[in-house]
Visitor: 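Once you've had a glance at the structure underneath, I'll fire off some questions.
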Amino acid sequence: MKNLWKALLMVRRCDPWSFRRRLLYELLQSLLPLLALYILKLLIDSVTTNNFQFSFFTFHPSPFTLLIALCVVFLFNRIVSALSSVNNDVLGQRLIDHVSDLLQHQSARLDMQYYDTPAYHDTLHRAQQEASYRPLQILSNFMALGGSMVSIIGVVAMMITASWWVIVVMVAAVVPGFAVRLYKARRIYRFRRENTQLYRRTSYYSAILTARDFAKELRTFNLAPLFRGRFVEVRKELVSHLLSISRRLGMLEILCAFIEAAAMFAIVWLLLKEAFAGAITIGTFVMLFEAFRRGQGYLQNLVGGIAGLYDNRLFIGNLFEFLQLEPTIVDPEEPAEVPEEITEVEFRGVTFRYPDMERDVLKDFSLSARKGDITRIDGHNGFGKSTLVKLLLRLYDPTEGAVFVNGIDIRRFQPRQLRERMGVLFQDFARFYCTMGENIAFGHSASDLQPPTSDLQPPTSDLQPPTSDLSRALELSGADKVADTLPHGTDTLLGRLFDGGSELSMGQWQRVALARALVSDAPILILDEPSAWLDHDARQHLDNTLQKLKDDKILLIITHS
């Protein structure tokens with residue numbers, strides 16, 4: 001029940017006014033059909049007693065008056081239905097945006113070590129599957145529950161005039177269906193949770209077949225049939241199990257339908273006997289028959305609401321399971337200030353092992369890099385060179401040993417402030433399909449991108465570094481030559497994912513990424529394989545740039561040679 005309540009609060013928080021309107025519309029839509037049914041009963045009775053007067057002013061309403069009232073209730077109910085539909089669309093879109101923001105924020109705040117474990121990806125996949133619609137479904141279930149209860153109370157008040165056992169039969173008829181729906185919800189939930197990795201495999205194979213990153217090798221090595229076959233195999237396995245479950249549940253639902261049909265026969269037969277005996281009027285018969293028919297529908301909605309809550313309670317737990325994950329690399333209780341002038345970086349006896357790995361990537365490693373020098377780290381593949389970058393940025397913490405800046409353990413600093421003092425070119429640098437200027441500006445001091453101060457404040461979506469910083473980064477990296485080849489210079493959209501974009505070679509992309517590392521003029525510059533994609537002239541330009549910068553920065557260069 002706790003997760004259901006949290007989901008309701010989530011829906012209310014994303015749009016309080018739409019949430020309140022939803023409650024009002026649901027109440028009106030529960031009462032208006034009952035009012036229309038009662039007016040219909042009065043109309044039929046007035047016709048059968050030949051009381052057909054065109055008057056609005058008699059104490060007993062005439063058929064004409066009742067007809068007008070019936071049409072007004074019908075019109076009002078349709079208007080409420082239309083307004084409710086629009087309101088649901090608004091609330092649904094607001095909820096999608098709100099939950100997407102929660103997922104993105106949570107994913108961005110978690111440590112890199114989460115990305116190294118399959119369990120995290122399972123949790124994220126389950127959360128993403130449920131995030132966009134489960135909270136709104138829970139609200140709908142609660143609304144259906146409340147609306148059905150109001151309607152059922154009205155139906156019971158009508159039906160009690162016939163016989164109390166009619167109500168008992170009507171309720172008892174839906175109990176088997178209720179039990180089947182609970183069993184179905186539990187069975188499907190267990191199946192999907194146990195097979196999360198199979199669902200993730202289908203998503204992965206689909207990405208291989210459709211994403212640009214795999215397109216060249218997929219065609220060169222004719223891999224499409226292989227991965228299509230694997231996709232089909234996994235889907236067949238999943239679909240086979242799901243259909244097996246569905247068939248068994250379908251047989252149970254057919255049995256429940258026979259029980260409900262028998263209940264309808266018994267109750268309608270009772271009402272017919274009462275009508276033929278003159279115990280009830282024709283209008284009352286119509287009202288009670290409709291009340292029973294609608295009562296069955298309301299009970300089904302009630303059962304559906306309860307079963308839906310049970311179902312969604314299980315699945316919404318996947319979303320909250322992800323949102324409750326906590327980072328392990330956090331701000332210290334009493335953080336130290338990162339020094340304004342940084343003269344030394346030191347790795348002292350560092351040992352590190354990635355999560356769930358059986359061997360150490362680094363073992364008792366020590367290194368000192370000082371301002372004024374170009375410190376190069378050479379080594380074979382798998383030596384742990386790129387891991388040093390992640391440790392210095394405090395994306396991970398060492399298993400043993402520590403990393404120091406000016407003799408201070410970096411765990412005493414706030415991670416965000418520490419990273420602001422570093423410019424970094426990763427070996428597997430990102431290619432953002434934004435403008436060239438934005439690609440470079442993303443490397444500017446993170447202090448210019450303040451996080452929201454509350455959940456209701458939208459996050460920052462723009463970053464504009466000073467023009468002088470951008471020009472300097474372009475010149476030092478050699479990316480100015482790349483800009484000269486583009487139709488709109490640094491305002492050109494990069495990549496071919498969106499209309500109007502210009503594709504770059506990997507060497508050009510690397511110079512853009514290098515400019516991103518240089519734009520903040522941070523005192524520590526870390527370059528991981530900075531010349532891997534560069535031609536001879538670009539490498540010479542890079543060497544000249546490093547010579548210019550070495551007196552003012554700590555330069556840490558990672559290479560294979």
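Quick note: residue numbers are just sequence positions, from 1. For the numbers below, each heavy atom of this structure counts, side chains included, while hydrogens, waters and symmetry mates do not.
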Visitor: Taking the six-membered ring of Tyr204 as reference, does the cationic atom of Arg201 (NZ for Lys, CZ for Arg) lie under 6.0 Å from its centre and within 45° of its axis?
Guide: no

Visitor: I'd like to check the salt bridge (Lys or Arg N to Asp or Glu O under 4.0 Å) partners of Arg348; sequence neighbours left out, ordered by chain and number.
Guide: Glu346

Visitor: Going by atom type alone, with no hydrogens or angles, which donor-acceptor pairs under 3.5 Å involve a side-chain atom of residues 326-337 and a protein atom two or more places apart or on another chain?
Guide:
from   : atom 1 : to     : atom 2 : distance (Å)
Glu326 : OE1    : Arg109 : NH2    : 2.9
Thr328 : OG1    : Asp111 : OD2    : 2.4
Thr328 : OG1    : Gln113 : NE2    : 2.9

Visitor: In Å, rounded to the nearest 0.5 Å, how long is the span from CZ of Arg394 to CD of Gln414?
Guide: 11.0 Å

Visitor: Asp364 and Thr351: side-chain donor and acceptor closer than 3.5 Å?
Guide: no

Visitor: Taking atom types as modelled and ignoring hydrogens, do the side chains of Ser368 and Glu344 form a donor-acceptor contact shorter than 3.5 angstrom?
Guide: yes

Visitor: Could you check if a side-chain atom of Leu474 sits within less than 4.5 angstrom of a side-chain atom of Met436, using non-hydrogen atoms only?
Guide: yes

Visitor: Between Tyr120 and Tyr115, is the ring centre distance below 6.0 Å?
Guide: yes

Visitor: Is a side-chain donor or acceptor of Gln508 paired with a backbone partner of Ser505 at a separation under 3.5 angstrom?
Guide: yes

Visitor: Sort and list the pairs that fulfil ring-ring contact (aromatic ring centres under 6.0 Å, His included) and have at least one residue in residues 350-378, not counting sequence neighbours.
Guide: Phe352-Tyr354, Phe352-Tyr396, Tyr354-Tyr396

Visitor: If we count only N and O atoms by modelled type, under 3.5 Å, do the side chains of Thr343 and Asn406 hold a donor and an acceptor together?
Guide: yes

Visitor: Any side-chain heavy atom of Val512 sitting closer than 4.5 Å to one from Ile440?
Guide: yes

Visitor: Does CZ in Arg228 sit with more than 12 non-hydrogen atoms of other residues, nucleotides or ligands closer than 6.0 Å?
Guide: no

Visitor: Just checking, is any N or O donor in the side chain of Ser203 or Arg200 under 3.5 Å from an acceptor N or O on the other one?
Guide: no

Visitor: Would a distance-only check, ignoring hydrogens and angles, find a side-chain to backbone donor-acceptor pair under 3.5 Å from Asn87 to Leu83?
Guide: no

Visitor: Show your working on salt bridge (charged side-chain N to carboxylate O under 4.0 Å, His left out) between Arg472 and Asp521 and close with a plain yes or no.
Guide: CA-CA 9 Å; Arg472 179 176 174 276; Asp521 197 25; 3.2 Å; yes

Visitor: Counting only N and O atoms by type, is there a donor-acceptor contact under 3.5 Å from the side chain of Asp15 to the main-chain atoms of Ser18?
Guide: yes

